[in-house]
Amino acid sequence: MKQTSIYDEIPIEDPRYNIVGYGIREDLNRIEVKLRDFNDTSIKKFQNTISDSKMVIFTKGEDISIEQGISLNPGATVRNARGANSTAGFRVMYNGKMCITVAGHTVYKNEYMYVGSNYLGTCLESNFGNRVDAAIVEVSTLYTPTNVIHCTGQSLSTSTRVIPIGGSVNLCGQATGHHSGTVIIASYTGTVEGQPFTDIVQVQYTQSTTGGDSGGPVYSYSYPYYYTVGTHIGSSPTYAYYTKFSNIQNLYGVTRY
């Protein structure tokens, strides 16, 4: 028959005893029981109903809280060290570091990024040209990147999609909010501010984007998920353009999480 001990019988799950936790104090050769209400009444109740062994000592107990940073949602406003606002993209892991994507044309490598006046993190990589307009910013412990779309509150999937011509996409930009649109050209070659690009995507949204939306998450809904698609580059008078997330992955080796 299995032998039980005082240690096995302490009812931490029973709120009547105010027990926060317990453990063996090897330095004292005692069992330490932490009580939320640390007073004579609680101690006597324990001794009268559970055990009055001299092996048990009592201390004041405190609840353990999770140290979680301020949530940073894809689509939220971020700012570079020169004071220009843009849009937070997707959360990613880069070389084991918690990071977010932002538009490459908005931040230089090693430049600091901010949320309001608070330090957000440092840019580890930045690229503007060829297939990718994206930068990778390592996030400080003050912030916790999420997958909750800032514009709508919907949760993004970490799975990626490449959207064909005629496919539906959505954008969350910090300046103009939520947009829905249709892919017009799935692999476009052209120039952005004089910089050559290839294999970017041309989209027609139902409303115009504007400065500050750069870097915003582009995603696509297919029941029951909102798939990761790309990040917003900018727009012409008629169309908007985004970098495919698959090209960001190929360049930097990042993973969604």
Side-chain angles (χ1 to χ4, degrees), residues 65-128 132-158 169-180 192-193 205 207-219 226 228-235 240-243 245 248 251-252 254-257:
S65 60
I66 297 173
E67 296 177 343
Q68 182 170 326
I70 303 167
S71 294
L72 180 68
N73 299 331
T77 304
V78 294
R79 179 175 63 83
N80 65 22
R82 290 155 285 143
N85 289 338
S86 60
T87 304
F90 299 100
R91 73 178 189 182
V92 294
M93 292 296 294
Y94 173 72
N95 290 339
K97 299 175 180 179
M98 291 190 298
C99 300
I100 62 165
T101 63
V102 296
H105 70 264
T106 65
V107 61
Y108 303 128
K109 186 174 181 177
N110 297 322
E111 184 177 8
Y112 292 166
M113 293 289 289
Y114 299 86
V115 175
S117 60
N118 293 329
Y119 171 70
L120 168 64
T122 302
C123 178
L124 303 179
E125 302 286 351
S126 183
N127 187 86
F128 178 62
V132 172
D133 174 22
I136 307 299
V137 174
E138 182 180 5
V139 177
S140 75
T141 55
L142 180 63
Y143 288 93
T144 300
T146 78
N147 281 316
V148 179
I149 304 167
H150 192 73
C151 298
T152 63
Q154 297 154 335
S155 294
L156 287 166
S157 168
T158 58
V169 293
N170 298 273
L171 164 68
C172 178
Q174 65 87 17
T176 56
H178 173 260
H179 299 261
S180 59
V192 180
E193 297 291 332
Y205 290 115
Q207 66 186 72
S208 298
T209 62
T210 191
D213 289 332
S214 296
V218 179
Y219 55 99
Y226 293 88
T228 298
V229 170
T231 55
H232 180 67
I233 299 172
S235 61
Y241 299 85
Y242 69 80
T243 293
F245 190 80
I248 297 174
L251 178 63
Y252 295 128
V254 298
T255 55
R256 286 276 288 117
Y257 75 99

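Please read these numbers as outputs of a predicted model, since none were measured by experiment. Residue numbers run from 1 in the order of the sequence given.
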| Note, V137 side chain near L124 side chain (heavy atom, < 4.5 Å) | no

| note | Taking every heavy atom of T87 against every heavy atom of G216, the minimum-distance pair comes out as CG2-CA, 3.4 Å

| query | Just by modelled atom types, is the F245 backbone N or O under 3.5 Å from a matching donor or acceptor in the T231 side chain? | reply | no

| request: Find the distance between SG (C172) and NE2 (H150) and round it off to the nearest 0.5 Å. | output: 6.5 Å

| Checking side chain to side chain contact (heavy atoms under 4.5 Å, CB included) for the pair N170/V218: CA distance, chi angles, key distance, verdict? | CA-CA 5 Å; N170 298 273; V218 179; over 6 Å; no

| task | Locate the shortest heavy-atom distance separating Q207 from T176; write the atom from each residue and the value. | result | NE2-O, 3.6 Å

| query | Is a side-chain donor or acceptor of D133 paired with a backbone partner of G104 at a separation under 3.5 angstrom? | reply | yes

| task | May I ask you to establish whether R79 and Y112 are in a cation-pi arrangement, using a distance under 6.0 Å from NZ or CZ to the six-membered ring centre and at most 45° from the ring axis? | result | no

| task | Measure the OG-NE2 distance between S208 and H179 for me, rounded to the nearest 0.5 Å. | result | 8.0 Å

| request: Taking N73 for its side chain and G75 for its backbone only, find out whether a donor-acceptor pair lies under 3.5 Å. | output: no

| said: Which heavy atom of T158 sits nearest to which heavy atom of R256, and what is that distance? | reply: O-CB, 3.4 Å

| field | Side-chain donor/acceptor of T144 to backbone N/O of G69, under 3.5 Å | value | yes

| Would you find a donor on one side and an acceptor on the other, under 3.5 Å apart, between the side chain of T228 and the backbone of S157? | yes

| Donor on one side chain, acceptor on other, N118 and Y143, under 3.5 Å | yes

| field | Pairwise side-chain contact, Y108 with R82, heavy-atom cut-off 4.5 Å (strictly under) | value | yes

| task | Say whether, by atom type as modelled, one donor and one acceptor occur between the side chain of N80 and the main chain of M113 under 3.5 angstrom. | result | no

| With side chains defined as the heavy atoms from C-beta onward, is the minimum distance between T77 and V115 less than 4.5 Å? | no

| said: Under a 3.5 Å distance rule, please check whether T106 uses its side chain to pair with a backbone N or O of S86 as donor and acceptor. | reply: no

| query | If you look at every heavy atom in S235 and Y241, which pair is closest and at what distance? | reply | CA-CD1, 4.4 Å

| said: So does V107 get a backbone contact from the side chain of S126, meaning a donor-acceptor N/O pair under 3.5 Å? | reply: yes

| query | So, for V102 and V78, which heavy atoms are closest and what is the spacing to 0.1 Å? | reply | CG1-CG2, 4.2 Å

| task | Please identify each residue that fulfils side chain to side chain contact (heavy atoms under 4.5 Å, CB included) with P74, with sequence neighbours left out. | result | T146, L156, P217

| How long is the span from the CG atom in L120 to the CG atom in L142, to the nearest 0.5 Å? | 8.5 Å

| Okay, side chain of Q154, backbone of Y226: is any donor-acceptor separation there less than 3.5 Å? | no

| query | Is any side-chain heavy atom of T122 closer than 4.5 Å to a side-chain heavy atom of E138? | reply | no

| query | Excluding sequence neighbours, so at least two apart, what forms ring-ring contact (aromatic ring centres under 6.0 Å, His included) with F128? | reply | H105, F197

| task | From the options I149, V169, L171, select the one residue that forms a side chain to side chain contact (heavy atoms under 4.5 Å, CB included) with Y219. | result | I149

| said: In terms of relative ring orientation, are Y114 and Y119 parallel, tilted or perpendicular, with 30° and 60° separating the classes? | reply: perpendicular

Would you mind writing out the side-chain donor-acceptor pairs for residues 88-100 within the sub-3.5 Å range, not counting sequence neighbours?
unit_1, atom_1, unit_2, atom_2, d
R91, NE, Y257, O, 2.6
R91, NH1, P145, O, 2.9
R91, NH2, Y257, O, 3.3
Y94, OH, E125, OE2, 2.8

